[in-house]
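Nothing here was measured: the structure is a model prediction, and the numbers come from that model.
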Amino acid sequence: MRYLVRILLSATLFLGVAGPGLAAATDPLFINMTTNEEHRSAMAIGFGKSQLDRGHPLTLFLNDKGVLLASKVNAAKYANQQKILSELVAKGAVVLVCPTCIKHYNVQESDLLPGLKVSNPELTGGALFQDNTKALSW
(Lines give C-alpha, C1' and ligand atoms only; values in the text may rest on other atoms or scores of the structure.)
Protein backbone atom coordinates (compact mmCIF):
# COMPACT_ATOMS: atom_id res chain seq x y z
CA MET A 1 0.00 0.00 0.00
CA ARG A 2 2.81 2.43 0.86
CA TYR A 3 4.38 1.66 -2.50
CA LEU A 4 1.13 2.51 -4.33
CA VAL A 5 0.77 5.78 -2.40
CA ARG A 6 4.33 6.75 -3.34
CA ILE A 7 3.66 6.04 -7.00
CA LEU A 8 0.45 8.06 -6.99
CA LEU A 9 2.11 10.94 -5.10
CA SER A 10 5.05 10.93 -7.51
CA ALA A 11 2.75 10.88 -10.52
CA THR A 12 0.70 13.75 -9.09
CA LEU A 13 3.80 15.84 -8.42
CA PHE A 14 5.25 15.04 -11.84
CA LEU A 15 2.07 15.96 -13.68
CA GLY A 16 1.59 19.10 -11.61
CA VAL A 17 5.14 20.34 -12.07
CA ALA A 18 6.13 18.97 -15.45
CA GLY A 19 2.79 18.97 -17.20
CA PRO A 20 2.28 21.14 -20.26
CA GLY A 21 1.71 24.83 -19.70
CA LEU A 22 -1.56 25.67 -21.37
CA ALA A 23 -2.65 29.17 -22.25
CA ALA A 24 -6.17 30.33 -21.69
CA ALA A 25 -8.01 31.71 -24.69
CA THR A 26 -7.13 35.31 -23.86
CA ASP A 27 -3.71 35.07 -22.17
CA PRO A 28 -1.43 37.87 -23.40
CA LEU A 29 1.62 37.08 -25.52
CA PHE A 30 4.89 39.01 -25.27
CA ILE A 31 7.38 38.42 -28.07
CA ASN A 32 10.94 39.64 -27.64
CA MET A 33 12.44 39.97 -31.13
CA THR A 34 16.17 40.66 -31.44
CA THR A 35 16.69 39.75 -35.09
CA ASN A 36 16.55 41.56 -38.39
CA GLU A 37 17.19 38.32 -40.30
CA GLU A 38 14.47 37.97 -42.92
CA HIS A 39 13.13 34.49 -42.14
CA ARG A 40 13.44 34.67 -38.36
CA SER A 41 11.81 38.09 -38.13
CA ALA A 42 8.96 37.04 -40.45
CA MET A 43 8.42 33.95 -38.29
CA ALA A 44 8.27 35.99 -35.07
CA ILE A 45 5.93 38.62 -36.47
CA GLY A 46 3.77 36.04 -38.26
CA PHE A 47 3.48 33.90 -35.13
CA GLY A 48 2.41 36.94 -33.15
CA LYS A 49 -0.18 37.82 -35.79
CA SER A 50 -1.60 34.29 -35.68
CA GLN A 51 -1.99 34.45 -31.92
CA LEU A 52 -3.50 37.94 -32.01
CA ASP A 53 -6.01 36.62 -34.55
CA ARG A 54 -6.85 33.88 -32.03
CA GLY A 55 -7.69 36.43 -29.33
CA HIS A 56 -4.39 36.75 -27.46
CA PRO A 57 -3.41 40.36 -26.77
CA LEU A 58 0.03 40.85 -28.32
CA THR A 59 3.04 42.92 -27.38
CA LEU A 60 5.98 42.73 -29.74
CA PHE A 61 9.22 44.14 -28.30
CA LEU A 62 11.75 45.00 -31.00
CA ASN A 63 15.26 45.22 -29.63
CA ASP A 64 18.85 44.77 -30.74
CA LYS A 65 18.81 44.41 -34.55
CA GLY A 66 15.03 43.99 -34.50
CA VAL A 67 14.73 47.79 -34.30
CA LEU A 68 15.94 48.04 -37.89
CA LEU A 69 12.55 46.66 -39.02
CA ALA A 70 10.80 49.56 -37.29
CA SER A 71 12.38 52.26 -39.47
CA LYS A 72 10.70 53.57 -42.62
CA VAL A 73 14.24 54.11 -43.96
CA ASN A 74 14.47 50.32 -44.31
CA ALA A 75 11.11 49.92 -46.09
CA ALA A 76 12.56 48.30 -49.21
CA LYS A 77 14.55 45.71 -47.29
CA TYR A 78 11.79 44.81 -44.81
CA ALA A 79 8.62 45.46 -46.85
CA ASN A 80 6.89 42.22 -45.79
CA GLN A 81 7.71 42.61 -42.11
CA GLN A 82 6.68 46.27 -42.07
CA LYS A 83 3.38 45.43 -43.76
CA ILE A 84 2.58 42.89 -41.06
CA LEU A 85 3.76 45.22 -38.27
CA SER A 86 1.34 47.87 -39.57
CA GLU A 87 -1.46 45.29 -39.68
CA LEU A 88 -0.69 44.25 -36.11
CA VAL A 89 -0.89 47.83 -34.85
CA ALA A 90 -4.17 48.34 -36.74
CA LYS A 91 -5.58 45.25 -35.00
CA GLY A 92 -4.60 46.49 -31.54
CA ALA A 93 -1.21 44.92 -30.96
CA VAL A 94 1.39 46.96 -29.12
CA VAL A 95 4.78 47.21 -30.83
CA LEU A 96 7.49 48.57 -28.56
CA VAL A 97 10.91 49.66 -29.80
CA CYS A 98 13.98 49.63 -27.56
CA PRO A 99 15.28 53.20 -27.05
CA THR A 100 18.87 52.11 -26.36
CA CYS A 101 18.90 49.99 -29.50
CA ILE A 102 17.59 52.70 -31.80
CA LYS A 103 20.42 54.93 -30.60
CA HIS A 104 22.96 52.15 -31.08
CA TYR A 105 21.78 51.42 -34.64
CA ASN A 106 21.23 55.09 -35.47
CA VAL A 107 17.49 54.70 -36.07
CA GLN A 108 15.69 58.02 -35.78
CA GLU A 109 12.53 58.09 -33.69
CA SER A 110 10.92 60.23 -36.41
CA ASP A 111 11.48 57.37 -38.89
CA LEU A 112 9.54 54.76 -36.92
CA LEU A 113 6.48 53.24 -38.54
CA PRO A 114 3.19 54.82 -37.44
CA GLY A 115 1.82 53.37 -34.21
CA LEU A 116 5.11 51.94 -32.93
CA LYS A 117 6.13 53.19 -29.50
CA VAL A 118 9.58 53.88 -28.16
CA SER A 119 9.60 51.80 -25.01
CA ASN A 120 10.62 52.51 -21.45
CA PRO A 121 10.84 50.27 -18.37
CA GLU A 122 7.20 50.91 -17.42
CA LEU A 123 5.82 50.01 -20.85
CA THR A 124 7.99 46.95 -21.31
CA GLY A 125 7.59 45.71 -17.75
CA GLY A 126 3.87 46.40 -17.75
CA ALA A 127 3.40 44.17 -20.79
CA LEU A 128 5.88 41.47 -19.81
CA PHE A 129 4.72 41.08 -16.22
CA GLN A 130 0.98 41.31 -16.85
CA ASP A 131 -0.86 38.40 -15.22
CA ASN A 132 -0.82 35.17 -17.26
CA THR A 133 1.45 36.57 -19.97
CA LYS A 134 3.34 34.04 -22.05
CA ALA A 135 6.70 35.14 -23.43
CA LEU A 136 8.70 34.01 -26.45
CA SER A 137 11.96 35.19 -27.88
CA TRP A 138 13.28 35.26 -31.43
Problem set entry | Leu60 and Leu85: CA distance, side-chain angles, deciding distance, side-chain contact (heavy atoms from CB on, under 4.5 Å) verdict | CA-CA 9 Å; Leu60 182 61; Leu85 286 171; 3.4 Å; yes

Exercise. Please walk me through it: do Asp53 and Lys91 pass side-chain contact (heavy atoms from CB on, under 4.5 Å)?
Worked result: CA-CA 9 Å; Asp53 291 345; Lys91 289 182 176 185; 3.0 Å; yes

For this session: Determine, step by step, whether Leu96 and Lys117 satisfy the side-chain contact (heavy atoms from CB on, under 4.5 Å) criterion, reporting the C-alpha distance in whole Å, the side-chain angles of both residues, the deciding distance to 0.1 Å, and the verdict.
Result: CA-CA 5 Å; Leu96 303 175; Lys117 300 176 184 176; 4.0 Å; yes

Problem set entry | Trace of the side chain to side chain donor-acceptor pair (under 3.5 Å) decision for Asn106 with Gln108 | CA-CA 6 Å; Asn106 203 27; Gln108 303 304 309; 3.3 Å; yes

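Residue Glu109 qualifies as open at atom CD: its count of foreign heavy atoms under 6.0 Å is 12 or below.
Under a hydrophobic-cluster definition in which Ile, Leu, Val, Met, Phe, Trp and Tyr are linked whenever side-chain heavy atoms come within less than 4.5 Å, directly or via other members, Leu69 and Ile31 are assigned to the same cluster. Both Leu112 and Val67 belong to a common hydrophobic cluster when Ile, Leu, Val, Met, Phe, Trp and Tyr are linked at side-chain heavy-atom distances under 4.5 angstrom. Cluster annotation: Leu62 and Leu52 are assigned to the same hydrophobic cluster (Ile/Leu/Val/Met/Phe/Trp/Tyr, side-chain heavy-atom contacts under 4.5 Å, transitive). One hydrophobic cluster, built from ILVMFWY side chains closer than 4.5 Å, holds both Val89 and Leu29. Hydrophobic clustering (side-chain heavy atoms under 4.5 Å, transitive across Ile, Leu, Val, Met, Phe, Trp, Tyr) keeps Val94 apart from Leu136.
A donor-acceptor pair under 3.5 Å is formed between the side chain of Thr34 and the backbone N or O of Trp138. In this structure, Asn132 contributes its side chain and Asp27 its backbone to no donor-acceptor pair below 3.5 Å. A distance-only check finds a donor-acceptor pair linking the side chain of Ser41 to the backbone of Glu38 [under 3.5 Å].
For the atom pair CD of Gln81 and CZ of Arg40, the computed distance is 12.5 Å after rounding to the nearest 0.5 Å. Note that the CD1 atom of Ile45 and the CD atom of Gln82 stand 9.0 Å from one another [nearest 0.5 Å]. Atom NE2 of His56 and atom OG1 of Thr133 lie 11.5 Å apart (nearest 0.5 Å). For the atom pair CZ of Phe47 and CG of Leu58, the computed distance is 10.0 Å after rounding to the nearest 0.5 Å. Once rounded to the nearest 0.5 Å, the distance linking CD1 of Ile102 with CG of Leu68 reads 11.0 Å.
Counting all heavy atoms, side chain and backbone alike, Ser119 lies closest to Pro99 at O-CG, 3.4 Å. In terms of heavy-atom proximity, Lys72 sits nearest to Ser110 at NZ-O, 3.8 Å. In this structure, Phe61 and Asn32 approach most closely via the heavy-atom pair CD2-OD1, 3.4 Å.
Scored by the side-chain contact (heavy atoms from CB on, under 4.5 Å) test, Thr100 finds Cys98 as partners (sequence neighbours excluded).
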